[in-house]
Amino acid sequence: MEATDRAILRELARDGRCSFTDLAERVGLSVSAVHQRVRRLEQRGALQGYTAKVDGDQIGLPLTAFISLTPIDPAAPDDYPQRLEHLPQIESCYSVAGDESYILQVRVTSPLGLEELLRQIREAAKVSTRTTVVLSTPFEHRPPAI
């Protein structure tokens, strides 16, 4: 990937609402050249979309936790993401190496809400869980080191 494309991705990762005019100024290209490069990056899949960052505290979901899933039966099919996709409290699902099979990032209203979610996860996926509650978040969603 060219250095200019990396610079465009870096700027958009920092500010997805950046206008083509501002982006062109930041990377030293014309507006039309930036527009063409962004379109190509989108078509190639290097740039996969633009999202809003939502503050969990502001929307009534102040508790964030990570839940590790370990199969109870190692011979069971590895279809846990499909079994759990109906639970909207799960923000992210990561397949991982190690003792656990998956790690989920969740947001809930309270410790009681977390307890209920854990019950639903165990019931739906037939797994054992290990939970880590987030106390504070010094930073997250950092742009990749492009």
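All values below come from the heavy atoms of this structure, side chains included, with hydrogens, waters and symmetry mates left out.
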Which value, rounded to the nearest 0.5 Å, describes the distance between [X] atom [atom1] and [Y] atom [atom2]?
| X | Y | atom1 | atom2 | value |
| --- | --- | --- | --- | --- |
| Leu87 | Gln120 | CG | CD | 5.5 Å |
| Ile121 | Ile67 | CD1 | CD1 | 4.0 Å |
| Leu23 | Asp15 | CG | CG | 9.0 Å |
| Leu69 | Arg122 | CG | CZ | 10.0 Å |
| Ile72 | Thr129 | CD1 | OG1 | 9.0 Å |
| Ser110 | Glu116 | OG | CD | 10.5 Å |

*List, by chain and then residue number, the residues other than Val96 in its hydrophobic cluster (Ile/Leu/Val/Met/Phe/Trp/Tyr, side-chain heavy atoms under 4.5 Å); write none if there are no others.*
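Besides Val96, the hydrophobic cluster comprises Phe66, Tyr94, Ile103, Val134, listed by chain and residue number.
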Shortest non-hydrogen contact from [X] toward [Y]:
| X | Y | result |
| --- | --- | --- |
| Leu117 | Val108 | CD2-CG1, 3.9 Å |
| Thr109 | Gly60 | CG2-O, 3.4 Å |
| Ser136 | Pro138 | O-CD, 3.6 Å |
| Ala46 | Leu9 | O-CD2, 4.2 Å |
| Pro111 | Leu63 | N-CD1, 3.6 Å |

Indicate, with yes or no, if [Y] and [X] share a hydrophobic cluster defined by side-chain heavy-atom contacts under 4.5 Å among Ile, Leu, Val, Met, Phe, Trp and Tyr.
| X | Y | result |
| --- | --- | --- |
| Leu112 | Val133 | no |
| Val54 | Leu104 | no |
| Leu61 | Leu114 | no |

*Answer yes or no: does atom CD1 of Ile59 have more than 12 heavy-atom neighbours from other residues, nucleotides or ligands under 6.0 Å?*
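Result for CD1/Ile59: enclosed.
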*Taking atom CG of Asp99 as the centre, does the number of heavy atoms from other residues, nucleotides or ligands within less than 6.0 Å exceed 12?*
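No, CG of Asp99 has 12 or fewer neighbouring heavy atoms, counting only those of other groups under 6.0 Å.
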_Within residues 76-90 or reaching into it, pairs that qualify as side-chain hydrogen bond (donor to acceptor under 3.5 Å, both in side chains) - sequence neighbours excluded_ =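 Non-adjacent pairs meeting side-chain hydrogen bond (donor to acceptor under 3.5 Å, both in side chains): Asp78-Tyr102, Asp79-Arg83.
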_Side-chain heavy-atom pair Arg44, Leu41 within 4.5 angstrom cut-off_ =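 Yes; the side chains approach each other to less than 4.5 Å.
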*Do His141 and Thr51 have side-chain heavy atoms sitting under 4.5 Å apart?*
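Side chain of His141 against side chain of Thr51, heavy atoms only: no contact under 4.5 Å found.
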*Would you confirm whether Gln36, through its side chain, and Ala33, through its main-chain N or O, come within 3.5 Å as a donor-acceptor pair?*
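Between the backbone of Ala33 and the side chain of Gln36 there is no qualifying donor-acceptor contact (under 3.5 Å).
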*Would you please test Glu42 and Arg39 for salt bridge (Lys or Arg N to Asp or Glu O under 4.0 Å) and show each step?*
CA-CA 5 Å; Glu42 289 171 341; Arg39 190 171 337 143; over 6 Å; no
_Taking the basic N atoms (NZ, or NE/NH1/NH2) and the acidic carboxylate oxygens, is any pair closer than 4.0 Å for Arg107 and Glu140?_
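A salt bridge is present here (some side-chain N lies under 4.0 Å from a carboxylate O).
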